[in-house]
Amino acid sequence: MALFKHAKKDEASILTRRTKGEKILFTVVVLIFAIYSAVLLYPLIYLLINSFYDAYGYIDMRVNGNVSPFALPEVWHFENYVKAFSLHTVNTLGRNIYLPEMFFNSLWYCTIHVGGQVLMSCFTGYAMAKYNFKCKEVIYALVIFSMTIPVVGTTASLFKLVNDMGIHNTPMYVIVTSLSGWGFNFMVMYGFFKNVSWSYAEAVFLDGGGHCAAFFKVMLPQASMSILTLSIVSFITSWNDYMTVLMYMPDYPTMASGLYEIEDIARGTGDMPYFFAGLIISITPTVGVEKTGVVSVNGYANDMSVRFNRTAAELKSLGLDENDTISITLLWTTTASYSAVNTTVFGVALPATPINTWRTYDISIADIISANTDLNTFLEKVGSDGAGVQIKGNIGSTTTLYLAEISFVKNA
């Protein structure tokens, strides 16, 4: 009896007992995956911490370089996550698309894409694995061959086909392209159904059921874990896909494509923390409330085009006059040996701005009117529906301008 218990104990421990070589191998594998996990967590931690900085603190940290990028902010700016919902891009019709709408576009895009692809892959994988018909081997060979062709090689022909079908820049593009049923998902489902015994289907036939009953009631439920795995992988891929949306659905920006376009604006303004907050929201994902921002800018080197997030008509309704001012906070950085920059804002010359130092200036609207003909003409330029007014410096492309804030000040 004692021998029997000892033998049973050895059988139970065979799955956990390791030789010295296996222990070393196991330790190495754990270390490799620990390093891999740290590499994945590094950018997420960086985004999370820096999303709570203000624009001044973040740019000072980057310019001076004497603060660790993982240093906790002295003041936590939770309002960045509210401000992030004012992030927006502009579609081909000139309409502002804000973060909540991008989130909604991502949801329906991923739902249709994942549902269509996974379901059609179940159909094609089952048919190819369990039924014999003419040209079956040829179709399978073509599927494998098509997977070896680089995506870049088919982009031009696919773009022309989409245009000829009249589904470019419409939700129909997502529906049509989600119904192929081939590719990686097909290979997974084909391999699964190939290893499922046909006896299950024969039992259904003996009970009077047909092929549909055999597939939906018996075969498909057995593939639930494979379907779940493919759905998760497809959802993550679709959620992060920005290039497809930029090319084929520019009027329906998703979180990925919209934030991709907004990145240049955030770099130009220097207000990266609230852009980081938008990235954190995009990977959560969470639903929030829209809040209209103060200003939208595009910054490149020493030349910046500025538009307020309100239309010209909305700006005119503020009742501005010559007694009011525009407040602007900016920062110049450079790798050259300049000590100050002569800056022109809305055609009005400012005092020399020191390098690497934030400065706030109040510009009289009376001066702006004299430089821009009249107030209405100026407001039509700087409104969200206008062409924008440039901020310029007198130095070269080695210099970068950061704009932290610009706003109208209504004086009593």
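Worth knowing before you read on, the calculation uses all heavy atoms, side chains too, and leaves out hydrogens, waters and symmetry mates. Given the structure is predicted, the values throughout are model-derived calculations rather than measurements.
Scored by the ring-ring contact (aromatic ring centres under 6.0 Å, His included) test, F215 finds F123, Y126 as partners (sequence neighbours excluded). Listed by chain and number, the residues in a side-chain contact (heavy atoms from CB on, under 4.5 Å) with S37 amount to none (sequence neighbours excluded). Listed by chain and residue number, F52 satisfy the ring-ring contact (aromatic ring centres under 6.0 Å, His included) test with Y81 (two or more places apart in sequence, or in another chain). Take K217 and apply the salt bridge (Lys or Arg N to Asp or Glu O under 4.0 Å) test, not counting sequence neighbours, and it matches no residue. Every residue two or more places apart in sequence or in another chain that forms a side chain to side chain donor-acceptor pair (under 3.5 Å) with Y109 is listed here: D241. Not counting sequence neighbours, F216 has no partner by the ring-ring contact (aromatic ring centres under 6.0 Å, His included) test. When the side chain to side chain donor-acceptor pair (under 3.5 Å) test is applied to D251, the partners found at least two apart in sequence or on another chain are T92, N169. Listed by chain and number, the residues in a ring-ring contact (aromatic ring centres under 6.0 Å, His included) with Y260 are Y242 (sequence neighbours excluded). By the side chain to side chain donor-acceptor pair (under 3.5 Å) test, Y131 is found to be paired with H211, residues two or more places apart in sequence or in another chain being considered.
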Report task. Kindly determine whether Y98 and E101 satisfy side chain to side chain contact (heavy atoms under 4.5 Å, CB included), including the steps that lead there. Result -> CA-CA 6 Å; Y98 290 89; E101 187 172 350; 5.5 Å; no
Report task. In sequence, state the C-alpha distance, the side-chain angles, and the governing distance for M272 and N50, and then conclude on side chain to side chain contact (heavy atoms under 4.5 Å, CB included). Result -> CA-CA 8 Å; M272 292 297 288; N50 286 277; over 6 Å; no
Report task. Mind running side chain to side chain contact (heavy atoms under 4.5 Å, CB included) on V162 and F159 for me, showing each step along the way? Result -> CA-CA 5 Å; V162 169; F159 191 83; 5.8 Å; no
Query raised in the report: For M249 and Y173, what are the C-alpha separation, side-chain angles and deciding distance, and is it a side chain to side chain contact (heavy atoms under 4.5 Å, CB included)?
Result: CA-CA 8 Å; M249 296 196 308; Y173 165 80; 4.1 Å; yes
Please list every donor-acceptor pair under 3.5 Å in which a side-chain atom of residues 181-195 meets a protein atom from a residue at least two apart or in another chain.
{"unit_1": "W182", "atom_1": "NE1", "unit_2": "S180", "atom_2": "O", "d": "3.3"}
{"unit_1": "N195", "atom_1": "ND2", "unit_2": "G191", "atom_2": "O", "d": "2.7"}

Which side-chain N or O atoms in residues 227-238 pair as donor and acceptor under 3.5 Å with protein atoms at least two apart or in another chain?
{"unit_1": "T229", "atom_1": "OG1", "unit_2": "M225", "atom_2": "O", "d": "2.9"}
{"unit_1": "S231", "atom_1": "OG", "unit_2": "I227", "atom_2": "O", "d": "2.8"}
{"unit_1": "S234", "atom_1": "OG", "unit_2": "L230", "atom_2": "O", "d": "2.8"}
{"unit_1": "T237", "atom_1": "OG1", "unit_2": "V233", "atom_2": "O", "d": "2.9"}
{"unit_1": "S238", "atom_1": "OG", "unit_2": "H113", "atom_2": "ND1", "d": "3.0"}
{"unit_1": "S238", "atom_1": "OG", "unit_2": "S234", "atom_2": "O", "d": "2.9"}

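The line from CZ of F276 to OH of Y53 is 11.5 Å long, rounded to the nearest 0.5 Å. How far OG1 of T177 is from CD1 of I112: 9.5 Å, rounded to the nearest 0.5 Å. To the nearest 0.5 Å, atom CG of residue L179 and atom CE of residue M120 are 5.5 Å apart. In this structure, I139 CD1 and T124 OG1 are separated by 10.5 Å, a value rounded to the nearest 0.5 Å. Taking OG of S199 as the start and CZ of F205 as the end, the distance is 11.5 Å to the nearest 0.5 Å. Here CG of L47 is found 5.0 Å from CD1 of I280. Values are rounded to the nearest 0.5 Å.
Applying the salt bridge (charged side-chain N to carboxylate O under 4.0 Å, His left out) test to every pair with at least one member in residues 164-191, sequence neighbours left out, gives these pairs: K160-D164.
A pairwise comparison of heavy atoms in P250 and Y248 identifies CD-C, 3.5 Å as the closest pair. Of all the heavy atoms in L87 and L259, the pair that sits closest is CD1-CD2, 4.1 Å. Closest approach of R95 and I97 over heavy atoms only: NH2-CD1, 3.2 Å. F145 and T148 get closest at one heavy-atom pair: O-OG1, 2.5 Å. In this structure, N80 and P273 approach most closely via the heavy-atom pair ND2-CB, 3.7 Å. Of all heavy-atom pairs spanning N105 and Y252, the tightest one is ND2-C, 3.6 Å.
Side-chain contact between S106 and F103 is absent, with no heavy-atom pair separated by less than 4.5 Å. In this structure, the side chains of M219 and W198 come closer than 4.5 Å at one or more pairs of heavy atoms.
One N or O on the side chain of S282 and one on the backbone of L279 form a donor-acceptor pair closer than 3.5 Å. In this structure, S257 contributes its side chain and P253 its backbone to no donor-acceptor pair below 3.5 Å.
Counting only N and O atoms by type, the side chains of E261 and T89 include a donor and acceptor under 3.5 Å apart.
Classified by interplanar angle (parallel below 30°, tilted 30° to 60°, perpendicular above 60°), the ring pair F33/Y36 is perpendicular.
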